[in-house]
Amino acid sequence: MAQLDGKVAIITGGANGIGLETTKAFLKEGAKVVFTDVNAEAGQKVQDDLNDKNALFIQQDVSSEDDWEKVVKETIDRFGTIDILFNNAGIYIIGKIPDITVETWNKLMKINVLGVFLGLKHVLPVMAEKKHGSVINASSIAGIGGSAGHILYGASKGAIRTMTKDAAIEYAPSNVRVNSIHPGYIKTGMADYASSALGVSEGNLGHFFPLGRLGERSEVANTVVFLASDASSFITGVELPIDGGFLAQ
């Protein structure tokens with residue numbers, strides 16, 4: 001029996017990177033998946049490539065409350081319920097404190113923090129009504145430890161870390177679990193951006209981590225599958241690093 005048989009999931013930022021890898025992993029484990037992305041063209045291409053009746057793409061701006069209401073309604077209309085939410089969508093900006101504009105601050109916070117809040121606001125009550133559900137919020141090692149150039153991104157991911165714990169306590173009586181994952185650099189476009197912004201090669205970027213390499217997308221997706229499944233049924237309010245030992249240093 002697959003780990004997610006019969007479960008219905010929403011994955012934001014599902015048209016590329018970790019979101020796409022997790023969409024594929026969820027489908028493989030028997031879930032019905034609504035994956036969203038702001039990029040309609042990329043999302044539709046994934047929908048066509050997957051060619052799976054259990055996968056549905058919906059275009060979504062996660063910072064829009066109207067879009068969240070649409071996604072929740074269409075998910076329930078198509079699949080009947082929501083068992084899993086992976087709040088994965090986010091953007092990454094590295095910048096020195098004096099160089100960050102209020103415009104840039106607000107743009108990132110709208111996507112990374114407001115987007116997660118709106119997901120919680122609109123999905124948690126659906127889960128609470130049936131006394132079952134699992135939410136996984138994508139934070140980062142930057143939400144736990146500090147780093148030069150990361151005040152904006154770190155602030156957003158630190159907020160997600162604490163929001164996760166708050167939501168976990170609030171919804172524990174309804175048997176709804178909320179956890180956060182904290183990846184280090186994973187082989188995605190974000191790692192490519194960091195490599196360029198920091199002037200460090202991908203190989204040297206991997207040396208930041210005791211395991212001596214960047215993480216694979218599948219290693220994050222497999223962790224999300226575990227937290228989404230009943231195998232983690234007594235785990236809530238946890239921050240789980242996926243960082244090759246970085247935070248153990």
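Model, not experiment: these values are computed from the prediction. In what follows, residues are counted from 1 in the order of the sequence shown.
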**Q** Working to the nearest 0.5 angstrom, can you tell me the gap between Arg161 CZ and Ile181 CD1?
**A**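 Here the rounded value is 15.0 Å.
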**Q** Got a donor-acceptor contact below 3.5 angstrom from the Thr188 side chain to the Met190 backbone?
**A**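 It does hold such a pair.
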**Q** Would you indicate whether the side-chain heavy atoms of Lys7 and Asp230 approach each other to under 4.5 Å?
**A**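 A side-chain contact under 4.5 Å exists here.
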**Q** For the pair Asn88 (side chain) and Ile11 (backbone), establish whether a donor and an acceptor sit closer than 3.5 Å, ignoring hydrogens and angles.
**A**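 Not at all, since once roles are kept as given, no pair shorter than 3.5 Å links the two residues.
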**Q** Please walk me through it: do Val62 and Leu118 pass side-chain contact (heavy atoms from CB on, under 4.5 Å)?
**A** CA-CA 8 Å; Val62 293; Leu118 290 173; over 6 Å; no
**Q** Distance-only, no hydrogens or angles: does the Ser232 side chain make a donor-acceptor pair with backbone N or O of Phe226 under 3.5 Å?
**A**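 At least one qualifying donor-acceptor pair exists.
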**Q** Here's a test for you: under side-chain contact (heavy atoms from CB on, under 4.5 Å), which of Asn179, Ile136, Thr22, Ile242 qualifies with Thr223?
**A**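 The side-chain contact (heavy atoms from CB on, under 4.5 Å) with Thr223 is passed solely by Ile242 among Asn179, Ile136, Thr22, Ile242.
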**Q** Indicate yes or no: at least one non-hydrogen side-chain atom of Asn137 is less than 4.5 angstrom from one of Met163.
**A**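 No - every pair of side-chain heavy atoms lies 4.5 Å or more apart.
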**Q** Passes salt bridge (charged side-chain N to carboxylate O under 4.0 Å, His left out), Lys24 versus Asp49? Steps please.
**A** CA-CA 11 Å; Lys24 292 177 178 177; Asp49 290 345; over 6 Å; no
**Q** Between atom CG of Asn54 and atom CG of Asp52, what is the distance when rounded to the nearest 0.5 Å?
**A**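 With rounding to 0.5 Å, CG (Asn54) is 5.0 Å from CG (Asp52).
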**Q** Hey, is the main chain of Ala15 close enough, under 3.5 Å, to the side chain of Asp37 for a donor-acceptor pair?
**A**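 Judged by distance alone, yes, a pair lies under 3.5 Å.
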**Q** Is there a side-chain contact between Ile18 and Val224, using heavy atoms and a 4.5 Å cut-off?
**A**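 Sidechains of Val224 and Ile18: no contact.
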**Q** Quick check: are there more than 12 heavy atoms from other residues, nucleotides or ligands sitting under 6.0 Å from CD of Gln249?
**A**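 Yes, CD of Gln249 has more than 12 neighbouring heavy atoms, counting only those of other groups under 6.0 Å.
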**Q** Is there a chain of hydrophobic side chains (I, L, V, M, F, W, Y, each step under 4.5 Å between heavy atoms) that links Ile111 to Leu20?
**A**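 They do not share one cluster, since no chain of ILVMFWY contacts under 4.5 Å joins Ile111 to Leu20.
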**Q** Does some side-chain heavy atom of Thr104 sit less than 4.5 Å from a side-chain heavy atom of Ile93?
**A**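 A side-chain contact exists here, since the closest heavy-atom pair is under 4.5 Å.
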**Q** State, to 0.1 Å, how close Asn112 and Gly90 come at their nearest heavy-atom pair, and which atoms those are.
**A**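 Taking every non-hydrogen atom into account, OD1-CA, 3.2 Å.
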**Q** Would you indicate whether Glu65, at its atom CD, is surrounded by more than 12 heavy atoms from other residues, nucleotides or ligands within a distance under 6.0 Å?
**A**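 Counting neighbours around CD of Glu65, more than 12 heavy atoms of other residues, nucleotides or ligands fall under 6.0 Å, so yes.
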**Q** If two hydrophobic side chains count as joined below 4.5 Å and joins carry through other members, does Val71 share a cluster with Val33?
**A**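 Different hydrophobic clusters.
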**Q** Within a reach of under 6.0 Å around NZ of Lys130, are more than 12 heavy atoms found that belong to other residues, nucleotides or ligands?
**A**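 Counting other residues, nucleotides and ligands, NZ of Lys130 exceeds 12 neighbours.
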**Q** Quick check on the hydrophobic clustering: are Ile82 and Phe117 connected, directly or via other members, by side-chain heavy-atom contacts under 4.5 Å?
**A**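 Yes, same cluster.
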**Q** Is a side-chain N or O of His150 found less than 3.5 angstrom from the main chain of Ala148, in a donor-acceptor match?
**A**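 At least one qualifying donor-acceptor pair exists.
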**Q** Taking the side chain as every heavy atom from C-beta outward, state whether Leu56 and Gln47 have any atom pair closer than 4.5 Å.
**A**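 The answer is yes; the side chains approach within 4.5 Å.
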**Q** Give a yes or no on whether Leu85 and Phe26 share a hydrophobic cluster (residues Ile, Leu, Val, Met, Phe, Trp, Tyr; joining criterion: side-chain heavy atoms under 4.5 Å apart).
**A**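 Different clusters: Leu85 never reaches Phe26 through Ile, Leu, Val, Met, Phe, Trp or Tyr contacts under 4.5 Å.
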**Q** Within the distance-only criterion (no hydrogens, no angle test), does the side chain of Ser195 pair as donor or acceptor with the backbone N or O of Ala191 below 3.5 angstrom?
**A**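 Checking the backbone N and O of Ala191 against the side chain of Ser195, no donor-acceptor pair under 3.5 Å is found.
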**Q** Are any non-hydrogen side-chain atoms of Lys70 and Ile58 less than 4.5 angstrom apart?
**A**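 Of all side-chain heavy-atom pairs linking Ile58 with Lys70, at least one is under 4.5 Å.
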**Q** So, the side chain of Asp83 versus the backbone of Val8: is there a donor-acceptor pair under 3.5 Å, distance only?
**A**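 Checking the backbone N and O of Val8 against the side chain of Asp83, a donor-acceptor pair under 3.5 Å is found.
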**Q** Out of curiosity, Lys121 NZ to Glu69 CD, how far, rounded to the nearest 0.5 Å?
**A**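 Output value for this atom pair is 7.5 Å.
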**Q** Quick one: closest heavy-atom pair of Gln3 and Glu29, and the distance?
**A**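 Reported closest heavy-atom pair: N-OE1, 2.9 Å.
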**Q** Is a donor on one side and an acceptor on the other found under 3.5 Å between the side chain of Ser134 and the backbone of Leu227?
**A**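 Checking the backbone N and O of Leu227 against the side chain of Ser134, a donor-acceptor pair under 3.5 Å is found.
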**Q** Taking it one step at a time, do Met127 and Val135 satisfy side-chain contact (heavy atoms from CB on, under 4.5 Å)?
**A** CA-CA 10 Å; Met127 295 177 170; Val135 176; 3.8 Å; yes
**Q** Which pair of non-hydrogen atoms, one from Thr12 and one from Gln60, has the smallest distance, and what is that distance?
**A**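 Smallest heavy-atom distance, with atoms named: CG2-OE1, 3.7 Å.
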**Q** Do the rings of Tyr185 and Phe209 sit parallel, tilted or perpendicular, given the 30° and 60° boundaries?
**A**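 Aromatic pair Tyr185/Phe209 classed perpendicular.
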**Q** Side chains of Glu239 and Thr164: closer than 4.5 Å at any heavy-atom pair?
**A**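 A side-chain contact is absent here, since even the closest heavy-atom pair is not under 4.5 Å.
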**Q** Are more than 12 heavy atoms from other residues, nucleotides or ligands located less than 6.0 Å from atom NZ of Lys165?
**A**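 It does: Lys165 NZ has more than 12 such atoms within range.
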**Q** Using 0.5 Å steps for rounding, measure from the OG atom of Ser229 to the CD1 atom of Ile235.
**A**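 So the OG of Ser229 and the CD1 of Ile235 are separated by 8.5 Å.
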**Q** Restricting to non-hydrogen atoms, name the atom on Lys110 and the atom on Ser63 that form the minimum distance, rounded to 0.1 Å.
**A**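 Taking Lys110 first and Ser63 second, the nearest heavy atoms are O-CB, 3.4 Å.
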**Q** Please report the closest heavy-atom contact between Leu27 and Ala31, naming both atoms and the distance.
**A**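 That would be CD2-O, 3.6 Å.
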**Q** In the structure I gave you, are the side-chain heavy atoms of Met109 and Leu152 within less than 4.5 Å of one another anywhere?
**A**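 When only atoms from C-beta onward are counted, Leu152 and Met109 do touch, with a gap below 4.5 Å.
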**Q** Minimum heavy-atom separation for Pro210 and Gly244, please, with both atom names.
**A**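 Closest approach of Pro210 to Gly244, heavy atoms only: CD-O, 3.2 Å.
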**Q** Using 30° and 60° as the class limits, which term best fits the ring planes of Tyr193 and Tyr92: parallel, tilted or perpendicular?
**A**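 If you compare the ring of Tyr193 with that of Tyr92, the planes turn out perpendicular.
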**Q** Kindly say whether Ala138 contributes a backbone atom to a donor-acceptor pair with the side chain of Asn87 at under 3.5 angstrom?
**A**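 It does not hold such a pair.
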**Q** Does anything in residues 42-83 form a ring pair (Phe, Tyr, Trp, His ring centres under 6.0 Å)? List the pairs, not counting sequence neighbours.
**A**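 Only Phe35-Phe57 qualify under ring pair (Phe, Tyr, Trp, His ring centres under 6.0 Å).
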**Q** Show me, pair by pair, the donor-acceptor contacts under 3.5 angstrom made by side chains of residues 139-147, not counting sequence neighbours?
**A**
from   : atom 1 : to     : atom 2 : distance (Å)
Ser139 : OG     : Lys157 : O      : 2.8
Ser139 : OG     : His182 : ND1    : 3.3
Ser140 : OG     : Ala142 : N      : 2.9

**Q** Under a 4.5 Å side-chain heavy-atom rule over Ile, Leu, Val, Met, Phe, Trp and Tyr, are Phe208 and Ile94 clustered together?
**A**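 Same hydrophobic cluster.
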**Q** Working to the nearest 0.5 angstrom, can you tell me the gap between Lys187 NZ and Arg217 CZ?
**A**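 So the NZ of Lys187 and the CZ of Arg217 are separated by 10.0 Å.
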**Q** If you count every heavy atom of other residues, nucleotides or ligands that lies below 6.0 Å from Lys107 atom NZ, does the total exceed 12?
**A**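 12 or below, so no.
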**Q** Can any side-chain N or O of Arg177 pair as donor or acceptor with the backbone N or O of Thr236 at less than 3.5 Å?
**A**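 No: the side chain of Arg177 does not pair with the backbone of Thr236.
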**Q** Rounded at 0.5 Å granularity, tell me how far CZ in Phe246 sits from CG in Leu211.
**A**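 Nearest 0.5 Å value for the CZ-CG distance: 13.0 Å.
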**Q** Please say whether more than 12 non-hydrogen atoms of neighbouring residues, nucleotides or ligands are located less than 6.0 Å from CG in Leu114.
**A**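 More than 12 heavy atoms, drawn from other residues, nucleotides or ligands, come within 6.0 Å of this atom.
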